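See structure below.
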Protein chains: 4
Amino acid sequence: MVEGTGRGRRADAVRNRQLALQAATALLAEPGGTLTVEAIARKAGLGAATVVRAFGGKEALLDAAVASLLAPVVDRAERLLEQVGPERALRTFLVELIAFQSAHHSISDQLEGMETPATAALRRQLVSAVEEMIVGARRDGAIRTDLEPAALVTLVGRTAFAIAQARPASEEIVHAYLTVLMDGLRPQSPGPGSKEGPRSQHTP
Amino acid sequence: MVEGTGRGRRADAVRNRQLALQAATALLAEPGGTLTVEAIARKAGLGAATVVRAFGGKEALLDAAVASLLAPVVDRAERLLEQVGPERALRTFLVELIAFQSAHHSISDQLEGMETPATAALRRQLVSAVEEMIVGARRDGAIRTDLEPAALVTLVGRTAFAIAQARPASEEIVHAYLTVLMDGLRPQSPGPGSKEGPRSQHTP
Amino acid sequence: MVEGTGRGRRADAVRNRQLALQAATALLAEPGGTLTVEAIARKAGLGAATVVRAFGGKEALLDAAVASLLAPVVDRAERLLEQVGPERALRTFLVELIAFQSAHHSISDQLEGMETPATAALRRQLVSAVEEMIVGARRDGAIRTDLEPAALVTLVGRTAFAIAQARPASEEIVHAYLTVLMDGLRPQSPGPGSKEGPRSQHTP
Amino acid sequence: MVEGTGRGRRADAVRNRQLALQAATALLAEPGGTLTVEAIARKAGLGAATVVRAFGGKEALLDAAVASLLAPVVDRAERLLEQVGPERALRTFLVELIAFQSAHHSISDQLEGMETPATAALRRQLVSAVEEMIVGARRDGAIRTDLEPAALVTLVGRTAFAIAQARPASEEIVHAYLTVLMDGLRPQSPGPGSKEGPRSQHTP
DNA sequence: AATGAATGAGGGTTCATTCAT
DNA sequence: GATGAATGAACCCTCATTCAT
């Protein structure tokens with residue numbers, strides 16, 4: 001409510017941009033969200049033309065919305081890298097990423113094929129951060145070396161998004177995912193002579 | 001005009017259903033496929049009204065198309081269960097599932113939120129089969145017991161679909177996925193006392 | 001009205017295309033015609049989507065409408081060239097062109113900058129025909145030789161369209177135009193020594 | 001806030017009107033000019049609401065803009081009448097009119113059907129001036145008497161506008177136009193007995 | 001009084017469905 | 001029964017005008 005900074009109308013415009021953005025992200029969170037310009041405008045309490053004008057087209061609006069959701073995630077990833085070791089950073093990041101995504105169900109569908117500037121840039125940053133985590137953890141001996149980091153980045157990214165989309169968002173599934181993933185990523189000690197021979201042989 | 005058999009009309013109807021189905025599945029496979037009724041009809045060499053009439057609406061058509069794609073997958077899963085051990089069945093099934101999905105890119109997008117009868121039923125069957133695999137493998141000691149089978153089923157299903165959607169479909173990523181997943185699913189031997197304590201502790 | 005040729009629905013489609021075309025040309029004739037797709041559709045007694053679908057876009061619709069109006073004019077020009085001498089052809093053609101245009105007021109505005117295929121092609125044909133008339137008349141000694149035929153073609157074309165647009169369409173103005181133009185186009189005999197010196201000196 | 005004079009506001013309003021007018025006339029000159037209120041305002045360095053408010057609507061703005069362009073033309077016509085003989089006045093005026101129009105391409109499109117007060121009044125003045133030129137020239141024996149002055153006024157006005165609109169603005173075409181027009185307007189000496197009989201017979 | 005922003009009306013286009021042939 | 005065509009609803013976008021600051 002601290003708006004009376006003085007500048008005449010700019011404040012309102014900024015507020016409405018925020019409103020539109022919030023409405024868009026809210027619809028991005030609903031599983032069956034409509035994501036039409038009019039639906040967003042209605043939810044924001046604005047006219048349809050207003051949100052179009054504020055962003056310059058639907059694509060730009062969605063770009064901004066997705067980016068505004070993604071930005072703190074990226075930020076968090078980069079901060080984690082500075083604060084804790086790479087393995088712990090990866091684990092923590094995944095927990096938070098999934099929690100975040102669970103609250104914004106449609107975002108993955110939108111992210112697919114989104115080549116709009118802000119989103120694409122953030123995605124690149126995100127990939128970089130995760131790659132750094134994985135490379136670092138690998139260097140620390142916490143992640144297996146028989147798989148390429150690049151592949152693991154894609155693997156982690158795609159599966160995390162997929163898990164986050166599960167409905168209903170189950171703590172149990174998230175726990176299972178993290179457990180299986182982190183254990184599977186570890187350097188594998190050759191197990192006690194099993195009937196099936198050494199682990200991890202897939203020749204499709 | 002040479003219909004001959006007297007059930008000619010019925011035979012035609014069946015043939016047209018097949019044509020429409022094939023066209024829909026073909027479009028489902030193309031990454032940028034247009035999935036409009038008219039596009040499907042054109043591909044099928046039929047009129048738009050015919051394909052609608054044959055299924056009673058676009059939703060029913062897509063239901064049938066997805067189901068027709070899913071059916072052999074389910075079939076394969078159930079057959080594998082009868083023929084090989086559950087762990088091997090799971091592994092093999094995943095390989096094939098991903099390969100199948102990679103060849104039908106749009107299907108996952110469609111599967112999301114599809115509660116149409118045929119597809120939903122098949123999905124239930126698929127879940128059952130995978131559950132059986134997991135329960136069996138767990139009984140055999142090939143899968144860890146600290147995670148609930150139901151959660152693992154969801155986990156496996158969602159991540160497999162996610163990996164299959166990767167573009168470009170990379171052998172390397174699929175391999176990494178299968179390796180990490182199968183290793184992560186195994187009963188974990190307690191590692192040598194690490195600083196971080198025993199494995200698989202996530203306190204989000 | 002001879003439509004009952006047998007082919008099921010094509011006949012109706014053709015009829016509706018004609019209806020849309022007629023509606024468009026009718027609006028093209030009205031000075032303040034609205035020329036929106038919906039106005040055309042309403043006038044034709046059709047849905048807006050129908051006329052769009054029938055032509056593939058508003059531009060194509062206007063192209064077809066203008067072309068359908070222009071085609072008989074071009075045809076007439078070419079026929080005249082075969083039947084009468086070039087000077088008489090030019091004169092007759094202009095009379096008819098203006099009469100035609102007077103009945104379709106908006107067409108000139110549309111012709112400006114129309115680079116759609118059918119219209120552009122017809123315009124080229126029209127220019128060719130008029131050029132042939134002028135070149136022929138010049139060869140016959142009926143048109144002055146101190147001005148380039150190409151310039152005269154443009155001159156005749158633009159002014160004829162302009163005269164046709166006069167409201168109200170006055171016979172008197174058309175007559176004055178034709179008289180002045182044709183006389184001005186003739187080889188000019190040096191008049192009796194006037195105060196102002198020889199004719200036709202413009203040095204802007 | 002340093003307004004000083006007390007009539008500052010009014011002075012500002014006048015200045016803004018001028019700015020808007022200049023912007024509008026500048027846009028009127030550009031062939032592909034956008035002519036939206038916002039474009040005009042941007043070019044004028046003003047707010048959109050300001051230019052609307054200053055004129056009371058877009059139509060009034062265009063009226064004023066066109067009028068401001070037309071006014072000097074009318075002025076020039078009336079001045080020429082006072083300074084040189086009517087025939088010379090007509091010729092000179094046409095040269096200048098065409099040059100002026102060529103520099104303001106969009107104006108003719110706007111003039112069509114403009115019945116807004118300022119423009120209409122100026123047009124009437126312009127018609128009067130040209131009529132005076134023609135009547136005067138006719139009295140001087142420089143213009144043929146077999147055509148009504150009123151018709152010639154319309155004829156000259158429409159065709160001049162049409163020629164001015166030619167793209168690209170060609171000196172050659174303008175020259176051809178003036179030559180043909182002025183020669184055609186002259187009293188016609190009966191030609192030597194031609195096969196086609198006396199000149200200027202049009203039987204449409 | 002000036003203005004940036006808001007907006008309602010309207011434009012063209014697409015598409016699943018319906019209809020007449 | 002099959003079909004090409006018709007269509008109403010919905011979508012995104014533009015613009016002249018209005019309003020709150």
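Because the structure is predicted, anything quoted here is derived from the model rather than measured. FYI, side chains are in, hydrogens and waters are out, and symmetry mates aren't considered; it's all heavy atoms of this structure. Numbers restart at 1 for each chain; the letters A, B, ... are given by sequence-line order, proteins then strands.
The nearest heavy atom of DNA chain E to A:Val51 and to D:Val51 marks one nucleotide each, and the one closer to the 5' end goes with D:Val51. Mapping D:Glu59 and C:Gly45 onto DNA chain F by nearest heavy atom places C:Gly45 closer to the 5' end of the strand. Comparing B:Gly56 and D:Asn16 by the nucleotide of DNA chain E whose heavy atom lies nearest to each, the residue mapping closer to the 5' end is D:Asn16. Judged by closest nucleotide on DNA chain F, A:Gly57 is the one of D:Gly57 and A:Gly57 placed further toward the 5' end.
Distances from the side chain of B:Ala49 to the nucleotides E:dT18, E:dT14, F:dA16 place E:dT18 closest. The nucleotide whose nearest atom lies closest to any side-chain atom of B:Ala13 is, among E:dA16, F:dA2, E:dG12, F:dA2. Comparing E:dT17, F:dA5, F:dA16 by their nearest atom to the side chain of B:Val52 picks out E:dT17. Candidate nucleotides F:dC11, E:dA16, F:dT17 were compared by shortest atom distance to the side chain of A:Thr36, and F:dC11 ranks first.
The CG atom of C:Leu46 sits 14 Å away from the P atom of F:dA5 (whole-angstrom rounding). When the C1' atom of F:dA16 is taken as reference, atom CG of D:Leu61 falls 11 Å away, rounded to whole Å. In this structure, CZ of B:Arg53 is placed 14 Å from C1' of E:dT21, rounded to the nearest angstrom. When rounded to the nearest whole Å, the span between CD of D:Glu38 and P of F:dT18 equals 16 Å. To the nearest angstrom, P of E:dT17 lies 11 Å from CD1 of B:Ile40. Rounded to whole Å, atom P of F:dA2 lies 12 Å from atom CZ of B:Arg17. As rounded to whole Å, 13 Å separates atom P of E:dT17 from atom CZ of B:Phe55. Across the protein-nucleic acid pair, C:Leu19 atom CG and F:dT7 atom P stand 10 Å apart, rounded to whole Å.
Inter-residue side-chain proximity for C:Leu28 and C:Val66 is flagged as met; some heavy-atom pair is nearer than 4.5 Å.
Side chain of A:Lys58 to backbone of A:Leu35: a donor-acceptor contact under 3.5 angstrom is found.
Contact annotation for C:Thr50: base contact, defined as any heavy-atom pair under 4.0 Å involving a base atom.
Both distances falling under 3.5 Å, in either a Watson-Crick or a G-U wobble arrangement, place E:dA20 opposite F:dT3. In a base pair of the Watson-Crick type (N1 to N3 plus N6-O4 or O6-N4) or a G-U wobble (N1-O2 and O6-N3), with each distance short of 3.5 Å, F:dC11 is matched with E:dG12.
For the atom pair B:Leu46 CG and B:Arg53 CZ, the distance stands at 13.5 Å (nearest 0.5 Å).
Atom CD of A:Glu59 sits in a sparse spot, with 12 or fewer heavy atoms from other residues, nucleotides or ligands closer than 6.0 Å.
The residues C:Glu115 and C:Arg123 are annotated as salt-bridged, a charged nitrogen and a carboxylate oxygen being separated by less than 4.0 angstrom.
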